[in-house]
Amino acid sequence: MLELVAEDGIEPPEPLPPGYREVLAAFEQAGHGLRAKGICEILGIGTEPRHTESVRAKLKSLVDRDILTEPEPGLFAPVQPTPATPDPDST
């Protein structure tokens, strides 16, 4: 499938580094939006400012990649897939 994407001229997305995958796993475990401190608690990495700011930077990067959204300042949630709208011309 990656070959088909490359043939279309669209670059495949870069794989996420392990730290980012752990952050996304925390969302799967929680099942709802989280703040940086909550993710630190789930991952068991400590809640000192150096830890929360590191996680917050990862969260912002994931927002930039359209993997997460920030519905309100400091609260992050996975992007919900948009439902496909039926084509009125198809029968």
Side-chain angles (χ1 to χ4, degrees):
M1 180 165 170
L2 291 179
E3 293 173 5
L4 295 176
V5 173
E7 288 177 6
D8 291 341
I10 301 171
E11 291 293 321
E14 293 182 31
L16 293 172
Y20 290 80
R21 291 192 296 259
E22 291 170 353
V23 168
L24 292 176
F27 282 100
E28 289 177 14
Q29 182 179 347
H32 54 79
L34 294 167
R35 297 186 182 277
K37 186 174 182 179
I39 292 171
C40 289
E41 290 170 349
I42 289 171
L43 298 177
I45 59 174
T47 56
E48 292 83 23
R50 65 188 174 116
H51 296 124
T52 57
E53 291 305 315
S54 173
V55 168
R56 185 173 287 110
K58 288 179 176 69
L59 292 168
K60 292 286 189 175
S61 177
L62 291 169
V63 168
D64 290 342
R65 294 178 96 173
D66 294 324
I67 296 172
L68 296 178
T69 62
E70 190 175 6
E72 64 182 62
L75 180 66
F76 298 88
V79 171
Q80 298 299 321
T82 55
T85 56
D87 185 4
D89 294 332
S90 67
T91 53

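A quick note: this is a predicted structure, and the numbers were derived from the prediction, not measured.
- Between the E48 side chain and the T52 main chain, no donor and acceptor come within less than 3.5 Å of each other.
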Would you sort out whether L34 and F27 count as a side chain to side chain contact (heavy atoms under 4.5 Å, CB included), showing the intermediate values? CA-CA 7 Å; L34 294 167; F27 282 100; 3.9 Å; yes

Worked check of side chain to side chain contact (heavy atoms under 4.5 Å, CB included) between V63 and T69: CA-CA 5 Å; V63 168; T69 62; 5.8 Å; no

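- Summarising the geometry of G46 relative to C40, their closest heavy-atom pair is O-CB, 3.2 Å, with the distance given to 0.1 Å.
- Cluster membership check: I42 shares its hydrophobic cluster with Y20, using side-chain heavy-atom separations under 4.5 Å among Ile, Leu, Val, Met, Phe, Trp and Tyr.
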For I39 and I45: C-alpha separation, side-chain torsions, deciding distance, then whether side chain to side chain contact (heavy atoms under 4.5 Å, CB included) applies. CA-CA 9 Å; I39 292 171; I45 59 174; over 6 Å; no

Start with the C-alpha distance between R35 and E41, add both sets of side-chain angles, then the distance that settles salt bridge (charged side-chain N to carboxylate O under 4.0 Å, His left out), and finish with yes or no. CA-CA 10 Å; R35 297 186 182 277; E41 290 170 349; over 6 Å; no

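- In this structure, I67 and V79 have side chains that are not in contact, with every pair of non-hydrogen atoms separated by 4.5 Å or more.
- If you take CG on L75 and CG on L59, they are separated by 10.0 Å, rounding to the nearest 0.5 Å.
- Here the closest heavy-atom approach between residue A77 and residue P71 is recorded as N-CD, 4.3 Å.
- Side-chain atoms of E70 and K60, non-hydrogen and from C-beta on, do get closer than 4.5 Å to each other.
- A heavy-atom distance below 4.5 Å is not found between the side chains of L16 and V23.
- The side-chain heavy atoms of L24 and R21, taken from C-beta on, include no pair separated by under 4.5 Å.
- Considering all non-hydrogen atoms of both residues, L43 and E22 come closest at CD2-O, 3.6 Å.
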